[in-house]
2 protein chains.
Amino acid sequence: MEQTREAKATGGAEVVAAAIGPCAAIPADRMAFIREVLDRVGDKWSLLLIAVLEPGPLRYTGLQRQVPGISQRMLTLTLRQLQQDGLVSRTAYAEVPPRVEYTLTPLGRGLHEIATSLVGWAAAHHDEIRENRARAMSAQPSAGARG
Amino acid sequence: MEQTREAKATGGAEVVAAAIGPCAAIPADRMAFIREVLDRVGDKWSLLLIAVLEPGPLRYTGLQRQVPGISQRMLTLTLRQLQQDGLVSRTAYAEVPPRVEYTLTPLGRGLHEIATSLVGWAAAHHDEIRENRARAMSAQPSAGARG
DNA sequence: CGGTATCCCCTCTGATACTG
DNA sequence: CAGTATCAGAGGGGATACCG
């Protein structure tokens, strides 16, 4: 995301916003936090892997099995990012059949709590949302396609 | 709709799961929910707009000011999606200087609660994560760039 | 003021093939 | 088993220009 193209426009916008007024309904750092956590777990697989790892450690193949549809590439990539952020830990056993186990760190478990509330909310309201969407799409079919 | 995670596992599934690994597969519907809510609010701006709208109604330009860096295109697009999902409501006043106000619906406010806990988590742990990232990057600079 | 339309790059993601 | 390397497509998102 965040394609830093010399980033002159973004910096300018910040300055302008500050000049116009305080307008600090949402502090800038709050916004930064949202963006940060979203960049981290807002992708297609991170939260899924965390959810799948919550009950206990899993191996590479186990993860592949439990998250249907994920490619080796994305599994490896996402795992590495999670690991770098300290959300998941990787343990390799130097055995004849190579064995690697991935586990949720305490930090990762904390994030899973959040993910759970997110899922809870989605489960509680997804009917409502689907109805809203359907209604909006039948009213304005021109702007309905997403995904 | 609250389905408890391992409450309704079938007998056969349990046996199979026990045979392959330490943890039962994540229910497919759970996975679908995660994907669904992520597709909805996991993008770059949705949660930000919701956060900014929480204190009260805002106009198009106000949103643009309070979310520095957002382009008109993305503001319009995200707003429309939020509106279609019933998370945000739009009110246009037919006045000489056109005026449009965007407000959070009750549904949107509910999602904001979740966003808040996400932000809370990020605020509480972002130092930790940044340290982890820095450490990982200094150890393996080849795979550090993201964002 | 409050948008729409267009162009275009960049990133994410998947498919495929190869390695230790 | 547990990855790595490379290619290619799709779409998100920014810049810019234009309209009611």
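Residue numbers begin at 1 in each chain, while the letters A, B, ... track the order of the sequences.
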Is the shortest heavy-atom distance from the side chain of B:Asp85 to the side chain of B:Arg40 under 4.5 Å?
yes
Would you check if B:Tyr102 and B:Thr91 make a side-chain contact, meaning some heavy-atom pair closer than 4.5 Å?
no
Report yes if the side chains of A:Lys44 and B:Leu38 come closer than 4.5 Å at any heavy-atom pair, otherwise no.
no
Give every pair of a protein N or O atom and an N or O atom of nucleotides 13-15 of chain C that lie under 3.5 Å apart, one pair per line with the distance.
from, atom 1, to, atom 2, distance (Å)
C:dT13, OP1, A:Lys44, N, 3.2
C:dT13, O4, A:Arg73, NH2, 3.4
C:dG14, OP1, A:Lys44, NZ, 3.2
C:dG14, OP2, A:Trp45, NE1, 3.0
C:dG14, O6, A:Arg73, NE, 3.3

Nearest-Å distance, CG (A:Leu75) to P (D:dC1)?
13 Å
Between C:dT4, D:dT4, C:dG2, which nucleotide has the shortest distance from any of its atoms to the side chain of B:Arg59?
C:dG2
Rounded to whole Å, how long is the line connecting atom CD of B:Gln72 with atom C1' of D:dG13?
14 Å
Taking CG from B:Leu79 and C1' from C:dT4, how many angstroms apart are they, rounded to a whole number?
14 Å
Interface residues of residues 92-102 of chain B with DNA chain C (non-hydrogen, below 4.0 angstrom)
B:Pro98, B:Arg99, B:Val100, B:Tyr102
Under the criterion side-chain hydrogen bond (donor to acceptor under 3.5 Å, both in side chains), which of B:His125, B:Arg130, B:His126 is the partner of B:Glu128?
B:His125
Between CG of A:Leu82 and CD1 of A:Ile50, what distance do you get to the nearest 0.5 Å?
4.5 Å
Evaluate the side-chain proximity of A:Gln66 to A:Leu58: yes if any heavy-atom separation is below 4.5 Å, no if none is.
yes
Heavy-atom side-chain contact between B:Leu47 and B:Leu118 under 4.5 Å:
yes
Rounding to a whole Å, what distance do you find between A:Gln81:CD and C:dT11:P?
13 Å
Quick one: does B:Val100's side chain get under 4.5 Å of B:Arg59's, heavy atoms only?
no
Between the first and last five pairs of the helix from C:dC1-D:dG20 to C:dG20-D:dC1, the angle of the axes, rounded to 10 degrees
40°
Separation of C:dC1 atom P from B:Leu63 atom CG, nearest Å, is 14 Å
Using whole Å, report how far CZ of B:Arg80 lies from P of D:dG12.
14 Å
Atom CD of A:Gln64 and atom C1' of D:dT4 are separated, to the nearest Å, by 14 Å
Could you tell me whether A:Thr76 contacts a base, only the sugar-phosphate backbone, or nothing, with contacts defined as non-hydrogen atoms closer than 4.0 Å?
base
Between A:Val88 and A:Thr105, is any pair of side-chain heavy atoms under 4.5 Å apart?
no
Test item: A:Ser138 side-chain N/O and A:Arg135 main-chain N/O as donor-acceptor pair under 3.5 Å:
yes
Less than 4.5 Å apart, any side-chain heavy atom of A:Leu75 and any of A:Trp45?
no
